[in-house]
Every structure is written in C-alpha cells, then in structure tokens.
Amino acid sequence: MRSRFPNKWLPYLLLLPTLALCAIFLYYPVIQTFRLSTYRAILMGLHRKYVGFENYVRLFTSSDYIHSLTITFIFAVGVVVLGLSISLAIALLANHKIRGARFYRLLLIWPYALSPAVAGSIWLFLLNPTAGVVNYFMKVLFGISPDWLTDGRLALLAVTIAAMWKNLGYNIVFFLAGLQNLPGEILEAAKVDGAGPWTTFWRVTFPLLSPTTFFLLIMNLIYAFFGGFGLIMVMTEGGPNKATNILIFNLYQDAFRFHKWGLAAAQSVILFIMVVALTLIQFRTTGRRVHYGGQ
Amino acid sequence: MVRRFLAVALALVFATGLALGQDKIKITFWHAMGGWRVPFIERMVQDFNLTHPWIEVTVEYKGSYTDTLNAALAAARAGAGPHVFHSFEVGTQLLVDSGIIVPLEDLIDKFNLIVPWEDYIDPVLNYYRIGGRLYCMPWNSSNPIVYYNKTIMDKLGIEVPRKPTYNDIYEISKKVVESGLAEYGITWPVHSWFFEQWMAEQGVDLVNNNNGRTGYATEINLLDPAAIRIVEWWKKLYDEGLWVSPGRSWSQARQIFVSGQSAMLISSTSDVTAMENAAVEQGFELGTAFLPVPDGIERHGVIIGGGALWVTKDHPDEELQAAAEFVVWMTQVAQTIRWHQGTGYFPIRKTALKALDMEGWFVRFPNYRTAFDQLIETQLITATQGALMGTFVEARSTILDAVEAVLAGEKGIEEALQEAKALIDQSLQDYKELVGG
C-alpha cells in the first residue's frame, strides 16, 4: 500500500520527536557505553585510559565473572520456568467461573504492584532465621531452622523464588487475558469429540495460548536478567560470598560502588548482546511454532 | 479597610523577605544519615541559619554514603555540586583524586578563619590529613568496642577484662555457651571494618607505602601473620559455635545481642545510646570493654571510623567562605556536645570532653568512657591513622568474600587471603596507573 502523505517529508517530520528522544536517551548512551567499555576509567570517566578489549578479556578470564554468569543462568532458568508454569496453573484455576472470581484475580495480581524494595523487605521478614514466619513453620513441622540468606545455595534459592513470585501477577494477567480470548467453539468441539480436560489443555489450550506464552517467555527472560536487581539489592546484596551475585548486580557494584566504569560498561555491553541474542534465538525457534490464531 | 491593610502588610512582608533573601549567601549541604538523624541534622542547620542571618544553608538527605558520593561527583562534574557534602572515611583517597573538592585547610587559610586545632582530638584529624594537609572536617566519628550482657556474666561469676584478649573472649564465650545462659558467646556483623581495626590494633599497616600515606598503595598486607591471626580466631569461634553470623547486617547483630541470644557484641561506639536503651527495655545490665586483641601482641589502638564533611570547589569565593564557616561551626564545642548526646558519635573537641565530664555525663553513661579511653590511648602510627586506598570499597568487599569463604569451609585461610590479595593488588595497581601516573 502506497503512502498517502501529501509530502514525502511529512512522515519524517512527525517521527522527529520520537527519533530525537530515542537518539538522546537511547542511542547516544548506548554508543557511549560501547566506547567506555574500551577504556579503563574511574570517577565517572574523569581519569581514563584506552585499553582496547582489556576489559572483556579480564571479564572472561575472571573466575568471579564466570561464576556470576553461571549464577545468572540458574537464576534466569528458575525464574522463567517456575514462573511461567506456576502462573499458567494459577491462571487456569482463576479462569473458572466461580463466585468472587474477579476478587481472586485481583488478589493474584497484587504482588506485581509492589515495588521491589517492599517485596524484598517482606521476604527478609519472612526468611529471618530467628524471627521469620518461614522458619517458625520449618521448626514446628520439621524441627529445622535453615539460614536462608546466609547459606549460599539457600540464598540463591530464596532470591529465585522471591523474584519468581514478584512477577507472578504480571504473568497471570497475560495468561488470563489469553485464556479468555480463546475461541470457545474450538474448545467446545474438543469437548464434543470426547477430549478430557488433560488432552484439551495440551492439545488445544496450550498451543492456542502459545503467542502469550512466547511473549511472556521473552519478557520473563528480560526480567530475570535486569529486573532481579532490586530484590537482590534488598535481600542479599549479592552475598554471601557472591552466591547471589547475578550479572546485573555485579555490574551495579562495579560501576556505582567500586567506580570501575570501563569494566562496568563492558559488562553492560555483554548483557546487551546476550539479551539480543536470546531474543533472536527465540524468534527463530519457538517463534516458528507459535500459533497466531485467525491468520 | 482591614483587607487593604492586610494586603499592604503582606506586600511589605514579601518585599522584605525578597530583599533579605537576595542578600543571603545560599549554600547546599548533602548528607548520608537516614532515619531519625534527618530531623536532628535539619535542626542543627536551622540553628546555623538563625545565628548566621547572612547565610542560608539548604540541607538534603541523599541516601547512603555511596549514593551521596555518586550524586556529589555527578553534580560537581555538571557544575552544580553541593557546597558541602558528607562522605565516609573509605572514600577519602577517591575524593582527593576526584578533582571536585578543595582541601578544607586551604579554605581556612584563604579566608583567615580561626580554628583552634589544638583543641581537636588528634587521631580523628589524622585520618583526613594527607601530605600534612587536612582535606575535610571529621564529623561522625566512632570506633568498635565490645558490649556485653553484664547480667549473664554476673550469674557466671565472670569478670570481663576492660582490655580483653582474643583468648579471653574465647574462654568467656565457651563458659557462656556451656552454661546455656545464652545460645552464643559473641556476635558482630560480617564487615571488613573489624578486620581493619584488628590489623591496626596489632600495629600492622593494611597496605604498603605506609598505609598509602606516602604514596599510592600497591599491595595489601593480607598474608601478614597479623591478618592470619584474625581470621584463624574468627574461624575458631565460628566452628565451635561460639560466634554466630548475623550476615553483613549491623541491625541483625544488635538484635541477636539485645534479644539475649548472644552474651557479647562487637559494634560501633555510636551504638552506645541505642544499646543502653535496649538493655533497660530487655531488663539486663550493659557492660563495655575495649576491642579484643590477639594474645601476646601489644595494643596499638583503633582507627577512627565514620564520615567527614567535604567542600567542593568551583563556587564563588563568598560561597566557599560560607561553606567553610558552616563546616567549622558544625564542630564547635557546643555543637559537638549536642551531636554526641544526640547521636552517640564522638565529640571531637577536647573542651567538649571536659565539659561532658564536668556535667557528669560519664558517670551517668560510663559506657561512653570506654569508647573515649580507647581512642585517646591510641598510638599515633600509620597503622592507626588508617589506610588510604582509591579502591577501598572494593577491597572491603573482596576481604569479606574471603572471610565468608573461610567461615563456610570452602577455602583454607591462606588460600582465601592469597586470592583476595591478588585481586586487591591488581585493583590498587590499576588505580595507581590511572590516577597517579
């Protein structure tokens, strides 16, 4: 379809404000970050020295950074896999037409409305080794009181669960919307054909829901890479002994606490490339099997 | 009629307000002390403004030390730095190299301000003297002491020595735990500050080049026997269930002690007031002692911790002068007494100490005495002057990672310290190359 603008410059003129904003707040900082990543710099770049790819070499030869990569991978897989399956299960339940359904749905979305700082503090209270509710039940039921946040492995588990929980509401909203938009006639046809609920779900509902799932997969992945920061900051500060030091926290620490700006810039470039790559891979593979209804 | 009168009156008030406002020298002050200290500091600033009608200080709480430092750096580079800001002691070298500050002593000389330096407590000023020049004004100063639950100790017939050794603490903890009167002997937050203090107590510099005082530090002394002694003792206490880990949290450590789970606590002297109050609430008697030192090692004293007030450059002279006057005023005798009584931080003036003594303050709160005596008995050597490192914050984090790895049994003491040293040395050398040429 040909453009209907009378003047061929008009569309560009109309796009100009958006492009200007993008240029100032997105493209320029991105270019600066790439540039900074080739410098050794402190104090916001007051003292700097060109070092080429030294920052990248240092990162990939540092056992701490490799450790952080591994931790991030575990964290992201946990958040995405657990988060999507649990929220889908909850969304299916919440989709039933029962009394007060709207009220339940509202409650389910609630955690998403909390700020990471508040959510982190709530988990801190829950997991407090001596005064927390979780350990109270652990003690009553199993006679143990685990050190949730001072034991490395448990701390990683705790922040993964917290981050997953925090995003549940978001996922549930989308899954619910997806479920409610499912074509009723197909579900009915399945029923008429004698498919049980299990078969209906796997053969009909789940495939039809795939655009939503795919979208959420990407959003959750991005969330796991970048959004876990607030919770980790409040709950563990990357500790104990770097056990919850995911990439984004490591970056924050290097930039804003240790003033190693070049090294931090290199890390954000790496994160950027990773998220771009993941999204591309997903579009290529999962994307092909996604069923966009009605086309 | 009334309305007209009101209008005229209002106009007059506005006019005079404007006139006065225009004459005032306006300066900004950013600090990093949250909670109830925010209104406390605001009141101090208000008093300054009242007594200095030609100056108007605007005060703002900027978040943590790190946040405040970053905000000040960014603002100063954009040409809108706060005139005065508050930073922690470990940011000292970084600020000296930042190019955004002007040494306080330069300002005082330039504007001929009269400051009775001989009345200031030496170890406090010493931390911030670099190349013989005072760079900033110490403000919230403290050091670590042992707090103990005297009620428990009395029941066990234990007399906690005023100047305990590592072994004293170990033995006392053991008796406490065996008696079952408390679950643990002692606790303190997993913080590098304590490690640094114990290095100083043993008279060992934390880094080379006289603790970074005669040149940029390039190596940290983590393989010194002094460092190993500290971690060995810490590990022993932990392995035998005598020390309990509150993680890196100061409040958690205080809570463990206050709730009676631990009979002793090592924490900052700025906690004295809070601990006194908590002890009364919980119904136990509070005792204090010096920081413990390894057995058979001479006690050299503590490093002053806390924060100081810095003045940023690139302001008109009259504003710089006002900023200097404000900073000096904050450490006037009357202000330091008020500061001490309100917050628990040291009054850094000798006259303030005398005044407090005469007022009977130390009779009422003998635990403050411990804190002062420990500071005043400190020997003036580079070890207790405190280390200067441009990468101090990072070094602290690396040291803690090593300690945590040792406590968790993931690494041996020497292995962990060796690895930490390699990381810190690399950072120190990078920093020197970048800044010191």
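Lettering follows sequence order; numbering is per chain, from 1. When reading the values below, keep in mind they use all heavy atoms of this one structure, side chains included, and skip hydrogens, waters and symmetry mates.
The pair A/R257-B/E394 does not meet the salt-bridge criterion, since no charged nitrogen lies less than 4.0 angstrom from a carboxylate oxygen.
Neither the backbone nor the side chain of B/L407 comes within contact range of chain A, judged by heavy atoms closer than 4.5 Å. Contacts of B/L400 with chain A are absent, with no heavy-atom separation under 4.5 Å from either backbone or side chain. For A/D64, the part lying near chain B is the side chain, with the backbone staying farther off; criterion is any non-hydrogen pair under 4.5 Å. With a 4.5 angstrom heavy-atom cutoff, B/S259 does not touch chain A via any of its atoms. Interface residue B/A74: backbone and side-chain heavy atoms are both found under 4.5 Å from chain A. With a threshold of 4.5 angstrom between heavy atoms, B/I100 does not approach chain A through any atom at all. Within the 4.5 angstrom heavy-atom criterion, no atom of B/S249 approaches chain A. With a 4.5 Å cut-off on non-hydrogen atoms, B/A408 does not touch chain A at all. Contact of A/N128 with chain B is made through the side chain alone, with heavy-atom distances under 4.5 Å.
A centroid separation of less than 6.0 Å is found between the aromatic rings of A/F256 and A/W261. A ring-centre distance under 6.0 Å is not found for B/W188 and B/W250. Aromatic ring centres of B/H31 and B/F85: separated by at least 6.0 Å.
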Q: Assess whether ring-ring contact (aromatic ring centres under 6.0 Å, His included) is satisfied between A/W123 and A/W165, documenting all intermediate values.
A: CA-CA 10 Å; A/W123 281 96; A/W165 169 82; 5.6 Å; yes

Q: Using the ring-ring contact (aromatic ring centres under 6.0 Å, His included) rule, take B/H86 and B/W30 through it: C-alpha gap first, then chi angles, then the decisive distance, then the call.
A: CA-CA 6 Å; B/H86 177 204; B/W30 291 356; over 10 Å; no

Q: Step by step, work out the side-chain contact (heavy atoms from CB on, under 4.5 Å) result for B/Q429 and B/Y216.
A: CA-CA 9 Å; B/Q429 281 151 23; B/Y216 284 100; over 6 Å; no

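Chain A forms more heavy-atom pairs under 4.5 Å with one residue of B/Q255, B/Q252, B/R248 than with any other, namely B/Q252. Comparing A/R48, A/E237, A/K260, A/Q253 by how many heavy-atom pairs each has under 4.5 Å with chain B, the most go to A/K260. Of the listed residues (B/D67, B/T391, B/L94, B/T66), the greatest number of heavy-atom pairs within a distance under 4.5 Å of chain A belongs to B/L94.
Stacking of B/R396 on the aromatic ring of B/F392 is recorded, both the 6.0 Å distance cut-off and the 45° axial limit being met.
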